[in-house]
Amino acid sequence: MPLPPHLNPVSVLNTIAPEKDVDGLTYLSSGQLFQNANGFVPCTPKGIIDLLDYYNIAIEGKQCLVIGRSILVGKPMAHLLLDRNGTVTVAHSKTPNLKELCLQADIIVACVGKKWLVTEDMVKEGAVVVDVGINREDGKLYGDVDFDRVSQKASYITPVPGGVGQMTVYE
């Protein structure tokens with residue numbers, strides 16, 4: 001991905017053999033994830049859960065906001081947070097009340113791919129912010145979160161580059 005315009009991404013993805021679908025993108029893998037059956041869990045959402053566990057960040061009973069709705073990160077992330085008894089809201093770059101939703105969230109996972117979509121005034125004091133966004137501009141990498149400013153308010157925050165991507169991408 002991305003594929004040439006004449007190819008249907010869903011059709012192409014579903015040619016992947018289930019035993020090789022490590023990103024969990026086929027119909028079978030997605031269904032297994034959402035029915036809590038054995039199967040591959042997409043590596044980025046799984047890595048984020050592992051990261052939260054490593055730092056003993058409780059998910060249960062927390063207001064969790066996933067900003068992004070992709071089949072690779074956003075939707076599986078929301079499901080994994082739900083499985084941990086988080087109260088989950090899914091938003092995206094076109095959500096009209098995004099700032100209000102962010103200000104209610106104890107945990108924010110930003111995975112849209114829009115430079116600095118989440119700014120300091122959108123994050124409540126002490127929130128946990130996980131930035132998964134990758135944005136290239138003028139030869140530099142940026143996240144979905146304005147790290148320098150939001151880090152002044154967040155209790156935990158991941159940087160871009162050098163954060164979640166380091167756990168999920170082998171270079």
Side-chain angles (χ1 to χ4, degrees), residues 1 13 16-92 101-102 104-118 122-135 141-148 150-171:
M1 306 272 215
L13 286 174
I16 300 170
E19 65 275 9
K20 295 182 179 183
D21 183 18
V22 296
D23 282 324
L25 297 174
T26 62
Y27 290 142
L28 179 62
S29 295
S30 295
Q32 288 174 327
L33 174 69
F34 284 90
Q35 292 188 16
N36 298 318
N38 290 334
F40 289 114
V41 175
C43 63
T44 301
K46 172 73 168 103
I48 293 166
I49 293 295
D50 290 347
L51 183 69
L52 295 173
D53 286 348
Y54 180 84
Y55 287 100
N56 297 310
I57 296 169
I59 298 169
E60 185 169 332
K62 301 294 183 186
Q63 293 289 329
C64 304
L65 176 63
V66 177
I67 310 170
R69 54 188 165 175
S70 71
I71 61 170
L72 182 61
V73 180
K75 290 176 183 176
M77 187 76 250
H79 180 73
L80 293 177
L81 291 166
L82 279 170
D83 276 354
R84 293 295 193 87
N85 299 315
T87 300
V88 179
T89 301
V90 178
H92 45 81
L101 295 173
C102 285
Q104 296 171 15
D106 302 305
I107 299 172
I108 298 172
V109 180
C111 49
V112 173
K114 187 171 180 183
K115 178 184 171 186
W116 295 351
L117 176 67
V118 178
M122 298 170 72
V123 177
K124 73 179 182 180
E125 195 74 38
V128 173
V129 181
V130 180
D131 191 350
V132 187
I134 296 292
N135 307 277
L141 281 179
Y142 297 91
D144 289 350
V145 178
D146 183 353
F147 179 85
D148 290 339
V150 173
S151 65
Q152 303 301 312
K153 292 176 90 173
S155 59
Y156 293 89
I157 187 170
T158 61
V160 172
V164 173
Q166 298 301 103
M167 298 179 357
T168 60
V169 176
Y170 178 75
E171 294 182 25

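All values below come from the heavy atoms of this structure, side chains included, with hydrogens, waters and symmetry mates left out.
Here Arg84 contributes atom CZ and Asp53 contributes atom CG; the two are 4.0 Å apart, rounded to the nearest 0.5 Å. Distance check, rounded to the nearest 0.5 Å: NE2 of His92 to CG of Leu117 gives 11.5 Å. Taking CZ from Phe40 and CG from Leu33, the interatomic distance works out to 13.0 Å, rounded to the nearest 0.5 Å. In this structure, Gln152 CD and Phe147 CZ are separated by 9.0 Å, a value rounded to the nearest 0.5 Å. For the atom pair CD1 (Ile48) and OG1 (Thr158), the distance works out to 7.5 Å, reported to the nearest 0.5 Å. Taken to the nearest 0.5 Å, the CG atom of Leu80 stands 8.5 Å off from the NZ atom of Lys46.
Aromatic ring orientation, Phe34 versus His79: tilted (interplanar angle from 30° to 60°).
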task: Take Leu51 and Tyr55 through the test side chain to side chain contact (heavy atoms under 4.5 Å, CB included) and record every step on the way to the result.
output: CA-CA 6 Å; Leu51 183 69; Tyr55 287 100; 3.7 Å; yes
task: Quick one: do Leu13 and Ile71 satisfy side chain to side chain contact (heavy atoms under 4.5 Å, CB included)? Show the steps, please.
output: CA-CA 11 Å; Leu13 286 174; Ile71 61 170; 3.8 Å; yes
field: Step-by-step side chain to side chain contact (heavy atoms under 4.5 Å, CB included) determination, Asp23 to Thr44
entry: CA-CA 9 Å; Asp23 282 324; Thr44 301; over 6 Å; no
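Put simply, the side chain of Asp144 gets close to the backbone of Lys114: a donor and an acceptor are under 3.5 Å apart. Formation of a donor-acceptor pair under 3.5 Å by the Ser30 side chain with backbone atoms of Tyr27 is not found in this model.
Residues Leu82 and Gly86 approach most closely at CD2-O, 3.7 Å, considering heavy atoms. When all heavy atoms of Cys111 and Gly74 are compared, the pair lying nearest together is SG-CA, 3.8 Å. Residues Cys102 and Met122 approach most closely at CB-O, 2.8 Å, considering heavy atoms. Across all non-hydrogen atoms, the minimal contact from Ala105 to Ala127 is O-CB, 3.8 Å. Between Lys75 and Arg69, the shortest heavy-atom distance links the atoms CE-O, 3.1 Å.
Under the 4.5 Å side-chain criterion, counting only non-hydrogen atoms from C-beta, Asp21 is not in contact with Leu28. A heavy-atom distance below 4.5 Å is not found between the side chains of Val145 and Ile108. Proximity of Val109 to Val132: side-chain heavy atoms (C-beta onward) are separated by under 4.5 Å at one or more points. Within the 4.5 Å cutoff, the side chain of Cys43 has no heavy atoms near those of the Val22 side chain. In this structure, the side chains of Ile57 and Ser155 stay at 4.5 Å or more apart for every pair of heavy atoms. You'll find the side chain of Asn135 stays beyond 4.5 Å of the side chain of Val160, heavy atoms only. The closest side-chain heavy-atom distance from Pro42 to Val73 is not below 4.5 Å. Residues Lys124 and Asp106 form a side-chain contact, since some pair of their non-hydrogen atoms from C-beta on lies under 4.5 Å apart.
The 12-atom threshold is exceeded at CD of Glu19, counting heavy atoms of other residues, nucleotides or ligands nearer than 6.0 Å. Within 6.0 Å of NZ on Lys153 lie more than 12 heavy atoms contributed by other residues, nucleotides or ligands.
A side chain to side chain contact (heavy atoms under 4.5 Å, CB included) with Val118 holds for exactly one of Leu65, Ile67, Asp146, Val112; it is Ile67.
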